[in-house]
Each structure stands twice: as structure tokens, then as C-alpha cells.
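Just so we're on the same page: letters track the sequence lines, and every chain starts at 1.
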Number of protein chains: 2
Amino acid sequence: MSSGPNRRMGPPGSATWNLILDAAEGILLEEGYAELTSRRIAERVGIKQRLVYYYFHTMDDIVVEGFRRMSKRELERLANALKAERPLHEVWGICIHTTDSRLISEFMALANRNEGVRREVISFIEQSRSLQVEALERAMKNGKGAVAGLPPVVITFMATSLALALTRESQLGVSMGHRETERVISEALASLEPVAPARA
Amino acid sequence: MSSGPNRRMGPPGSATWNLILDAAEGILLEEGYAELTSRRIAERVGIKQRLVYYYFHTMDDIVVEGFRRMSKRELERLANALKAERPLHEVWGICIHTTDSRLISEFMALANRNEGVRREVISFIEQSRSLQVEALERAMKNGKGAVAGLPPVVITFMATSLALALTRESQLGVSMGHRETERVISEALASLEPVAPARA
DNA sequence: GTCTATACACCGATAGAC
DNA sequence: GTCTATCGGTGTATAGAC
């Protein structure tokens, strides 16, 4: 048979496959998940709606695969940045310059009712947190900063949470307390991890 | 005329009006904003779809009015709690036991593309933050806690952000670093605001 | 790999009777 | 205040030709 649940499918990773995920990401960012439809995707890519279902079984698959692709991209960026000097500063820089907070909001909302997305989101948070913890532990062993008695996992949790809140609010148009908070954070970073780190 | 943009409308605050917003809130929480339709609301309340449009002009109005009602409810709860002893502990308790984080996620996502919701969300964040800052400043003047040199607005920003992140993640099924973070926070609360506060 | 055409369900919003 | 009925539009997903 040429159709049904076992119908012929387009190859993951192909050019059109990626264009479809690009379009889905753009719609999610600019219009929200209620507007993420096969017709809108086709319109953006410049193909016919039927083709979307040649590359993906269902709309849910597109969302899950889209998050997985983004997740992979971000984890690579994170792993790369953490090799640098002063990983604490790197952690903060990455948290504050991460994916657009509106896109994150959409995936968060989706994760609360789509089991596939939820699994991917959980996996991403845990991997990302582990990478950060390992980098901070390495830095501590090298004597690059004491982190003031706070366990590395607490540092990373706080950095992630505060950065997300700052970007989410400023995207929205709220700035109350931001300047003061950013100042406290940059002072903490400077004192925990000085410019010329002492080598062990 | 009995219809059109100036058509006759049901009274805000009436029983059915509130039932419609209750249903909308439930759908938003349990099924997400993509499922928030006039037909689903009518089904939940046990009325016909047409009646929803007697009480509200558009679906957008329902979302905006729903957030406004919830916002009012939460601000009253906050103002009440902040009269108590140890406002710092109260701030944390309220942040951690606030509205379901899944509902917040939905409104966050909606705020990014609905101008009415955005205005209400901004207003809520600013009022809520102001209330908390005032309470902390009063407590400091009374000598109830020094707050370790951190400006009150930074304290409230951090409490709100960290509490939201903790509840969001545990709702999702992530717990990595939570125990450690909660411990750091409860120690900070205890040291900044002891059980028997010194009066001025 | 890409297309036309289509089945069938649901959507927001309105007309107008009772 | 509440209803039946309806318009015009859009959604997922599939059949099957080229």
C-alpha cells in the first residue's frame, strides 16, 4: 500500500525535511503553537500541503522532531563554550543569549500536554544541567574559583532560572528590578571568577 | 439592532459570566490554549455555544478577562499575606504556592502575541513586584532583617524567578538540583529573617 | 518526490425566534 | 437570557495520479 500508518516517508535530514522544521520553528516563534498547521508550513516553504505529510506522519511528530533538532544544536553550542576560560561567565553568557524566550515559552506549554515533547524537554534540561555542573566542577578543581560554598548544581540552576526570567520579562516589556539584578549577578561573577584566574 | 459589534451583552460579574471564565481557565490548564474554543467552553458549562457570545464579544476578550480576574485574585492574596510577620518568608511561600505553573505557561505564551493579554501580564508583574518591595522595605525599617546588602527588588525578582523555575520543572518531571537549591534558599531565609525578629 | 482532489470535523461569529 | 440554525473558513489526514 502507498498510504496508511506504514506509508512511504521522506528521509529525515534531507533538505525539504529541514525546511519544514525551519518553517515550523518560525511559526512557533512568530505566531504561536495554535497557528502551527500543515497548511501554514507548506505556505512558508513554498510546497503543497500534502508534501508535509510525506515527510512527517503527524503534526505532533513535527513538534517533537523540531524540539529535538533545536536541543541538539543548543547542547553542542553549550559544550563548545564550556571549554573556554572562566566557565562560570560562559554559563551565564549562554543562559542569557539562548534561544528566543518566546520560542521557549511555546515549547514549555506544549511539553505540558504532549508526551513526546515532554520527554525531549526533560532530556534537554538534564543534559544541559549536567554539562554545566561538570564544567564548574572541573574549574573548581583547577582552583579557578570557589563559587562561595554554593554547590555547582545550585549555581547552574540559578543562572538558568534568572537568565530565563530576565529575557522573558524584557521580551514582554517589563524591566522593573532588572538593572539591579544584573548588577548583583555581574558582581558575583567577577568576585567568584576573577579575570586572571589563579592556576593550581 | 440586536447584533453586530454593538450587540446586547450579558452583565460582567454575573453567575454565568463567571462560569464561562471558570471553564476557560480549566481548559487552558488541562488542554492548552489551542483547545480554548467557544464550543468547548459551552460544553463544560452546560450551555449552548451561542450564549458564550452573549457574554463576550470575542474569544480574545475571554482570555483577557480571564487573566484579569485571576490577576485580581492573586494580588489580593499577596497583599493579605504580606501583612504577616516575616514578609520575606511570606514572599517565598506565595511564590512557591502560586497558580499552577502550567496555567502560567499558557498565559505567558498568549501574552507574546495578544496585545490585551500582554498589557494585563505586564501590569500584574509590576503591581506584584511593587507590593513585595514595599513589604520588604517596611520590614527593613523595622529592623526585621538586613537582607544581606541586596536591594529588596533583587530579592523579590530572584524569589519569583527561582520559585517559578522550581515549580515548572517539578510539574514537568525534572528534579535535578532542586533539593540543593531549596536548601540554600531556606538557609538564606532563616539567616536573613530569624524566627524572633528584633524590634527597632 | 511532488502533485490534485477530497472526506469529514471543527472553528468564530452572526441572524433572529422565543 | 437562552435557544436553533447557519455562513464561510480552516484544520488533519488520506487516496491515488504522475
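Classified by interplanar angle (parallel below 30°, tilted 30° to 60°, perpendicular above 60°), the ring pair B:F107/B:F67 is perpendicular.
Between the CD atom of B:Q49 and the C1' atom of C:dA9 there is a distance of 14 Å, given to the nearest Å. Here C:dA13 presents its C1' atom at 12 Å from CD1 of B:I62, a figure rounded to the nearest Å. In this structure, CD1 of B:I47 is placed 15 Å from C1' of D:dT4, rounded to the nearest angstrom. Between A:Y53 atom OH and D:dA15 atom P the separation is 14 Å, expressed in whole Å. Remark: C1' of D:dT12 and OH of A:Y33 are 17 Å apart, rounded to the nearest angstrom. Distance CZ (A:R39) to C1' (C:dT4): 13 Å, rounded to an integer number of Å. The CE-P distance, from A:M59 to D:dT12, rounds to 5 Å in whole Å. The separation between B:I41 atom CD1 and C:dC11 atom C1' is 13 Å, rounded to whole Å.
Inspection of the B:T99 and B:E74 side chains reveals an N or O donor paired with an N or O acceptor under 3.5 Å.
In terms of phosphate contacts, A:Y54 brings no side-chain nitrogen or oxygen within less than 4.0 Å of OP1 or OP2 of C:dT2.
For the salt bridge (charged side-chain N to carboxylate O under 4.0 Å, His left out) with B:R40, the qualifying choice from B:E30, B:E31, B:E35 is B:E31, the only one to do so.
The side chain of B:L51 sits closest to D:dT2 out of C:dG1, C:dT14, D:dT2. Comparing C:dT14, C:dT4, D:dG11 against the side chain of A:K48 picks out C:dT4 as the nearest. Side-chain atoms of B:R50 lie closest to C:dT14 of the nucleotides C:dT14, C:dT4, D:dT14.
In this structure, the side chains of B:D61 and B:M9 stay at 4.5 Å or more apart for every pair of heavy atoms.
We find the CG-CD distance between B:L110 and A:E106 to be 8.0 Å, quoted to the nearest 0.5 Å.
Using a 4.0 Å heavy-atom distance criterion, B:L36 is classed as a sugar-phosphate-only contact. Across all strands shown, A:Y55 has heavy atoms under 4.0 Å from sugar-phosphate atoms exclusively, and none from any base.
If B:T16 and A:S38 are placed on DNA chain D by their nearest nucleotide, the residue sitting closer to the 5' end is B:T16.
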